[in-house]
Number of protein chains: 2
Amino acid sequence: MAVTQQDVARRAGVSQRTVSNVVNGLATVGDDARERVIEAIRQLGYRPSLAARGLRSGRSGVLQLVVPELDVPYFAELARRVVSVAEDRGYAVLVRQTLGDRDRERDALEGAAADYAEGTILSAVNPVADLLTGRESSSPVVLIGESTGLGLIDHIGIDDTAAAFAATDHLIRSGRRRVAFIGTHPDASLRMATLRLAGYRDALVEAGLSLDPRLIVQIGSYHREDGATAMSSLLDLADPPDAVFAATDLLALGALHRAHERGVRVPQDVAVVGFDGLEEGRYSVPTLTTIEPDTGEVARLSVETLLDRIRARESSGPAAPVADLAVPFDLVIRGSSPDPD
Amino acid sequence: MAVTQQDVARRAGVSQRTVSNVVNGLATVGDDARERVIEAIRQLGYRPSLAARGLRSGRSGVLQLVVPELDVPYFAELARRVVSVAEDRGYAVLVRQTLGDRDRERDALEGAAADYAEGTILSAVNPVADLLTGRESSSPVVLIGESTGLGLIDHIGIDDTAAAFAATDHLIRSGRRRVAFIGTHPDASLRMATLRLAGYRDALVEAGLSLDPRLIVQIGSYHREDGATAMSSLLDLADPPDAVFAATDLLALGALHRAHERGVRVPQDVAVVGFDGLEEGRYSVPTLTTIEPDTGEVARLSVETLLDRIRARESSGPAAPVADLAVPFDLVIRGSSPDPD
DNA sequence: TTGTATGCGTTATCAA
DNA sequence: TTGATAACGCATACAA
């Protein structure tokens, strides 16, 4: 069925070894032999078998990217960049979607695909420390965003607390006094939410503002709808907030939507700040102030770190220390929370 | 390094063949042998090699999904669903991103990965008829959205013209008389744009309205920014439109944004309708009327059709006729173009 | 029911 | 420079 190097060799009157050399541009092959091989390849329509190459070399040329939901813009942007960077480095990307399901996360980390891929970039919603510690599969994993906080695995992210502080501080400096936070999660071990909440708290404390627990809203998931629901509950308060910091842009956009529905003006009645730097926030009405992480850098560093691990494993060199890289972020001020003037 | 079935066999005191049988739950294996094998697998931490299995069986268990940009919401939603459906069918998904680049599209179709994957689901922006006709790789391809119009390959999509007609007709029925179209493309062979433009035209003609070429705006790409730019040019007209039908939701959302920036009220001054049924349009201000295709069905049919082809190829049965499936769509009326009352 | 032997298409070792 | 030849890990035809 498929044309093999053997077939090409016969046709070109050389050994299969020579064909392999030509294909991989490896050893020095005589000009005449090379030419005959190339011609034979063309005539026969030979196409290399990745399966065989992978088996032989032990390298599949595939990285695994694991995200909760591909259509959540933050993950979509991440996927875009990871796929691009991986391609630049000669790798294809196998995408797994966990839907926040723990079994799927486990399978992505432990299943056969985890071995087939040379490494995995994991962006999890659930705490994954336990999944990583007793891992059977030996292929390297780099964690994005959520950190285990245990320093047991390479991690790329941003300083969530500092960023949340910057966002909240901006609201306070622009004159807001009752600043709400949308985005705590029932599962307290969700570090992302915990860290951002901490930054929010720090900013309030530093400004000498009191912490009103009714202004801290828990959500079930991180979709627009959850932000809208949370906003409703805030607007229903006897003394509603004059500002909202949402843990993600999607929550903020949901909040924006609900405020408009209820006739509450943004930013006049309530200012809103999000987190993620989504493209969508540049076009919302009003445009959304946000914390914009350098996502390109997150993707680049993730892939690079992973490839470093893979290479180190091959050369069985000394294990590099666990990376814990914080990528820079910007506070981008837009219409939803203008600076006072 | 890696534990093989051979190792397990030695440990369990059986032949490698028996281990293989146990792993695949295939033939009837004696209870005691099975137990010993399972125990040995546990002790040694045996993990099957997908590379070897793939080489031997000729089936990689991988499908390839090719899209222009993973972070364009329409493709992100598509990817989400395709990955989910594929997983249900026991397949992993290798994602390729073409960025609209023809060379990347070609590589996705012709490169080694095209052979490694058992089949490809392609959502292209460029016309791909030529890429598909003289194809070297023999793995099946299913086309999504854009059709070659030649009936030479399985295609899943919606009736673009009928949908565009419905959208435009809705605007006309709600009393609009100067309806603009955003989304023609310099590359006239981009069928999606052509078909939607045709539906727009048909609706105007049927309503006895004149076609004003100045109301048909060409764009460079399909991002929010392009929609905003197009909207600007429309609003700059001496006699601007009272309604806009955009070929995609992203364009419509950009248009919405620009209208708001310019102080033009939607829907009072100008109504806006999009196309794609994005989640984002449920939360925009105002919410966006749109053509909502059954994306879940698109994904499901794509994967099913592809798997059918793969199976047919294996059993070398009679080739099924080329599928050209149109998935249903809904016109979802929201705030950007309310029905008159 | 289980074992033996072979080959999937490559790469790579060893000679020549 | 090139040719035999041996793995890579697994699935399966054929035997037992």
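Letters A, B, ... mirror the listed sequences (proteins, then strands); counts begin at 1.
- A heavy-atom distance below 4.0 Å to DNA chain D is reached by these residues of residues 49-59 of chain B, ordered by number: B:Ser49, B:Ala52, B:Arg53, B:Arg56.
- Side-chain N/O atoms of A:Tyr46 include one lying less than 4.0 angstrom from OP1 or OP2 on C:dT10.
- The B:Arg17 side chain lies nearest to D:dC14 when the options are D:dC14, D:dC10, D:dT2.
- Taking 4.0 angstrom as the limit, B:Gln5 places a side-chain polar atom (N or O) nearer than this to OP1 or OP2 of D:dA11.
- Rounded to an integer number of Å, the gap from CZ of A:Arg36 to C1' of D:dT2 is 11 Å.
- Atom pair B:Tyr116:OH and C:dG9:C1' shows a separation of 14 Å (rounding to whole Å applied).
- A:His155 places no side-chain N or O within donor-acceptor distance of the main-chain N or O of A:Ala323, the cut-off being under 3.5 Å.
- Residue A:Asn24 places at least one side-chain N or O under 4.0 Å from the OP1 or OP2 atom of C:dT11.
- Separation of atoms CG (B:Leu307) and CD (B:Glu118) is listed at 8.0 Å; rounding is to 0.5 Å.
- Taking atom CG of residue B:Asn21 and atom P of nucleotide D:dA13, one finds them 11 Å apart after rounding to whole Å.
- Taking for each of B:Val14 and A:Arg47 the nucleotide of DNA chain C with the nearest heavy atom, the 5'-most of the two is the partner of B:Val14.
- Put simply, CG on B:Asp115 is 10 Å from P on C:dT10, counting in whole angstrom units.
- If you check every strand for non-hydrogen atoms under 4.0 Å, A:Gln16 touches a base.
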Show, in sequence, the C-alpha distance, side-chain angles and deciding distance for A:Glu297 and A:Arg300, and conclude whether the salt bridge (Lys or Arg N to Asp or Glu O under 4.0 Å) test is met. CA-CA 5 Å; A:Glu297 193 64 4; A:Arg300 202 183 61 70; 2.9 Å; yes
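- Counting to the nearest Å, the C1' atom of C:dG7 and the CD atom of A:Gln6 are 12 Å from each other.
- Atom CG of residue A:Asp115 and atom CD of residue A:Gln64 lie 10.0 Å apart, to the nearest 0.5 angstrom.
- Checking side-chain atoms of B:Thr98 against main-chain N and O of B:Arg104 turns up no donor-acceptor pair under 3.5 Å.
- Between B:Thr4 and D:dC8, a side-chain N or O to OP1/OP2 separation shorter than 4.0 Å is absent.
- Nucleotide C:dT1 holds its P atom 10 Å from the CG atom of B:Asp31, rounded to whole Å.
- Looking only at distances, a side-chain donor or acceptor of B:Asn24 sits under 3.5 Å from a matching main-chain atom of B:Ser20.
- How far CG of A:Asp130 is from CZ of A:Arg135: 13.0 Å, rounded to the nearest 0.5 Å.
- The phosphate of C:dT11 has OP1 or OP2 within less than 4.0 Å of a side-chain N or O from A:Ser20.
- Closest to the side chain of B:Ala2, out of D:dG9, D:dG3, C:dA12, is D:dG9.
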